[in-house]
Amino acid sequence: MALQLTEELNPEQADAAAAIYGPLLIIAGAGSGKTRMITYRIAYMLEQGIPQSEILALTFTNKAAEEMAERIQLVTGRPLKKLTASTFHAFGLSVLKKHGSLLGYAQHFTVYDQQDQMSMLKAVLTELRIDTKETDLYELAGTISAVKTGRAQFSGDNLSIRPIFEEYNAHLKLYNAVDFDDLIMQPLALFSRNPEVLEYYRKKFQYILVDEFQDTSLQQYSVVKQLAEKHRNICVVGDDDQSIYSWRGADYRNIIKFEEDFPECREIKLEQNYRSTGSIIKIANSLIRNNTNRKDKNLWTGTGNSGIIALFHPEDEQEEADFIGDKIRELLIRNHLRYDNFGVLVRTNNLITGIERAFLAASIPYKVSGGQSFFQRKEIKDVISYLRILANPDDDMSLLRIINTPKRGIGKSTLEYLRGLSEKHGYSLFSALTAVSHAADVSIRESIRIKASELVEHIENYKRLVFSSKKFGPIVSDMLSSISYKNHIIAEHPGNENLAQWKMKNIDIFINIINNWENNPDSMKKGLYDFLNSISLKGKSEPDQERGKVNLMTIHASKGLEFQTVFLAGVEDHIIPHKRAIEENPESIEEERRLFYVAITRARENLFMTSARTRKVMREQTDSQPSRFLEELPKDVIGKVKEDTVADSSAAADYFAGIRARLGAGRD
DNA sequence: TGGGATGGGGTTTTT
DNA sequence: CCCCATCCCA
């Protein structure tokens with residue numbers, strides 16, 4: 001293979017890629033070729049004869065993990081079956097699967113996502129006879145998570161939560177389920193209680209790489225720190241300016257901790273930006289300068305000041321969406337671009353809908369990432385719940401979802417009775433259902449008993465089939481037709497044929513996902529358990545990665561991506577910086593600024609920002625103020641386009657952009 | 001008792 | 001605008 005690092009990389013990148021022994025901290029600015037460097041680094045390690053199985057590459061999102069594996073494969077040209085490139089949570093899951101029995105975990109547990117968590121929390125509250133209306137479930141879940149991960153302790157003002165906390169965890173155990181926090185915390189518990197397990201992983205993973213280090217939580221850092229403490233071959237890559245997950249426990253102070261824990265570490269900065277024009281870098285630098293808590297860094301680029309940076313003040317969100325649509329059309333034709341050259345970024349999910357509608361009306365092909373994940377859609381979640389019940393009948397939350405979907409006449413009071421039964425005997429809802437279905441019970445009407453036993457039989461039957469057949473995909477579609485799930489969808493949406501059709505299409509897509517997953521020869525994993533594990537951690541993955549579509553997403557979801565032209569919508573003061581974030585913690589203004597920074601630096605050439613004068617908030621059209629961050633951008637760069645002359649001055653700039661495109665400067 | 005109708009309310013970001 | 005909770009009717 002003979003890699004020539006110095007030919008493929010700039011001096012700093014090559015330096016970083018070749019320093020494979022000892023601790024290394026890499027500060028990688030936006031667009032500085034970080035992924036490229038990492039790819040070559042790992043390829044170089046493999047070339048040096050380091051076995052794939054000794055490398056652990058951890059990232060933050062699935063997207064990043066997949067991309068990393070893909071790129072390395074591309075450079076090295078060899079299959080990477082033994083390389084571990086995954087998210088922290090997926091890694092934690094694999095540890096728990098392998099050694100979880102030491103902590104009393106059954107072999108096949110269910111991973112609860114936030115939705116499941118919330119509904120379980122609700123169930124816990126009802127059981128404890130606590131009014132669910134009086135409690136802020138959101139806040140409660142946050143506190144539980146904070147306590148669980150050691151970010152908070154029980155003290156005077158939240159002591160009342162303790163019984164809920166304990167009941168919550170007891171429920172997880174009873175249902176044979178774990179939540180996302182468990183995927184980090186339980187491996188840590190395992191390491192401290194069973195040093196031989198820690199030793200096993202220390203030996204196994206001699207080389208550790210952490211990407212997006214600024215987004216790791218203290219607990220996640222603790223995991224890798226423990227793993228690397230002995231061999232000290234650990235490389236962390238991050239950019240404190242792009243730390244945007246502090247609300248979830250991410251702590252950029254990890255960078256400082258790393259320097260303390262590994263005092264002999266080298267530090268390399270990647271500051272040359274290969275992505276954006278000089279103007280984009282200029283406004284990005286000018287913005288981020290206003291943050292106080294950051295490593296000194298100077299992002300620069302050799303590219304000139306081309307492209308358009310424009311601010312537009314539409315009257316309302318309707319005009320904003322239309323403007324974006326029109327502009328995309330215009331640039332598309334003029335600059336010979338493709339739809340997927342455009343990224344439309346927003347701060348909050350609910351802003352996506354309006355733009356989506358405008359695109360729909362204008363027949364602009366688009367795809368939404370972020371927002372509600374495919375796997376969280378109601379109809380998909382229903383199907384997943386059926387699968388989860390087959391895999392783990394004790395999973396009460398999933399059973400609750402499907403017990404009366406489609407309608408079986410098992411309603412509120414029957415459920416109440418079943419719940420009482422399971423509480424009394426300390427077993428799961430499914431056990432209660434089974435008990436009821438087997439024996440006549442005075443409290444249960446015979447017709448309902450029959451329904452219950454039909455359901456139990458149905459589950460048992462398909463459970464058998466799913467595990468005895470070679471492929472479970474066809475069994476799943478068979479099961480869905482046996483319960484007439486599609487009829488159920490139609491019945492659920494009277495008078496909304498389109499919606500029903502769309503949902504049915506989603507079901508078909510889901511079945512296809514199963515089949516593709518099962519038939520993928522590269523995958524070593526097979527069977528229902530592995531499938532469920534793989535999707536439970538895929539919060540936001542996209543089933544259709546079709547090209548040729550405008551990318552519509554939240555800023556958070558856009559991290560790591562780049563677009564020739566970026567539209568940043570809703571650049572208003574209550575949206576970014578987000579009103580509630582600031583109210584909760586005034587210090588988060590810096591994180592909001594980083595968000596803005598991330599958004600800007602996604603653009604290669606053109607950046608259009610829109611700040612509507614009014615916006616509909618809860619049915620009411622309310623006045624909006626331009627984001628305060630706009631004042632931190634240099635006027636002369638933005639000045640190219642003034643609000644009321646968007647069309648004219650951008651036309652001039654477009655003209656030049658068009659010429660550049662024809663000269664072949666713009667590529668994709 | 002279950003299911004349909006009606007009214008009220010509405011998560012910042014994600015594993 | 002859509003989802004959920006609650007209420008009331010069959």
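These figures come from a predicted structure and were not determined experimentally. Chain A is the first sequence line, chain B the second, and so forth, proteins listed ahead of strands; every chain is numbered from 1.
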Trainee: Are A:W247 and B:dT13 stacked, counting the six-membered base ring, centres under 5.5 Å, planes under 30°?
Mentor: yes
Trainee: Looking at A:D181 and A:R151, is there a salt bridge between them, counting it only when a charged N and a carboxylate O are closer than 4.0 Å?
Mentor: no
Trainee: Quick test of your reading of the model: are A:D382 and A:K503 salt-bridged, counting only N-O distances below 4.0 Å?
Mentor: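 Salt bridge absent between A:D382 and A:K503.
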Trainee: Considering heavy-atom distances to DNA chain B, does A:R248 or A:M118 have its closest nucleotide positioned more toward the 5' end?
Mentor: A:M118
Trainee: Round to a whole Å and report the spacing from CD of A:Q114 to P of B:dT14.
Mentor: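 Rounded to whole Å, this separation is 10 Å.
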Trainee: Rounded to whole angstroms, how far apart are CG on A:L595 and C1' on B:dT14?
Mentor: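 Those two atoms, CG and C1', are 13 Å apart.
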Trainee: Heavy atoms under 4.0 Å, any strand shown: does A:Y245 hit a base, just sugar-phosphate, or nothing?
Mentor: sugar-phosphate
Trainee: Are the aromatic rings of A:Y485 and A:H488 close, with centres under 6.0 Å apart?
Mentor: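 Ring centroids of A:Y485 and A:H488 are less than 6.0 Å from each other.
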Trainee: Roughly, in whole Å, what's the span from CG in A:L360 to P in C:dC1?
Mentor: 14 Å
Trainee: Taking NZ from A:K559 and P from B:dT15, how many angstroms apart are they, rounded to a whole number?
Mentor: 11 Å
Trainee: Is it the case that A:K505 places NZ or CZ above or below the six-membered ring of A:F510, under 6.0 angstrom from the centre and within 45 degrees of the axis?
Mentor: no
Trainee: I need the CZ-C1' distance between A:F375 and B:dT15, as an integer number of Å.
Mentor: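 The answer, rounded to whole Å, is 14 Å.
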Trainee: Identify all pairs in which a protein N or O lies below 3.5 Å from an N or O of nucleotides 3-5 of chain C, and state each distance.
Mentor:
from	atom 1	to	atom 2	distance (Å)
C:dA5	OP1	A:K122	NZ	3.1

Trainee: Rounding to a whole Å, what distance do you find between A:W502:CH2 and C:dC2:C1'?
Mentor: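 Atom CH2 in A:W502 sits about 13 Å away from atom C1' in C:dC2.
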Trainee: To the nearest Å, how far apart are A:N349 CG and B:dG10 C1'?
Mentor: 14 Å
Trainee: Between A:D211 and A:K34, does at least one N-O distance fall below 4.0 Å, as a salt bridge requires?
Mentor: yes
Trainee: Would the A:Y201 and A:H99 ring centres measure less than 6.0 Å apart?
Mentor: yes
Trainee: Between A:D251 and A:K257, does any NZ, NE, NH1 or NH2 come within less than 4.0 Å of an OD or OE carboxylate oxygen?
Mentor: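 Salt bridge absent between A:K257 and A:D251.
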Trainee: Provide, to the nearest angstrom, the distance between the NZ atom belonging to A:K579 and the P atom belonging to B:dG10.
Mentor: 14 Å
Trainee: Do nucleotides 1-7 of chain B as a string where each nucleotide becomes B, S or -: B if the base has a protein heavy atom under 4.0 Å, S if just the sugar-phosphate does, - if no protein is that close.
Mentor: SSSS---
Trainee: At under 4.0 Å, does any side-chain N or O of A:T61 touch on OP1 or OP2 of B:dT14?
Mentor: no
Trainee: Going by an N to O cut-off under 4.0 Å, is there a salt bridge joining A:K559 and A:D215?
Mentor: yes
Trainee: Taking only the side-chain heavy atoms of A:H89 (C-beta and beyond), determine which of C:dC1, B:dT15, B:dT13 contains the nearest atom.
Mentor: B:dT15
Trainee: Is it true that, when you exclude A:E139 itself, more than 12 heavy atoms of the residues, nucleotides or ligands shown sit nearer than 6.0 Å to its CD?
Mentor: no
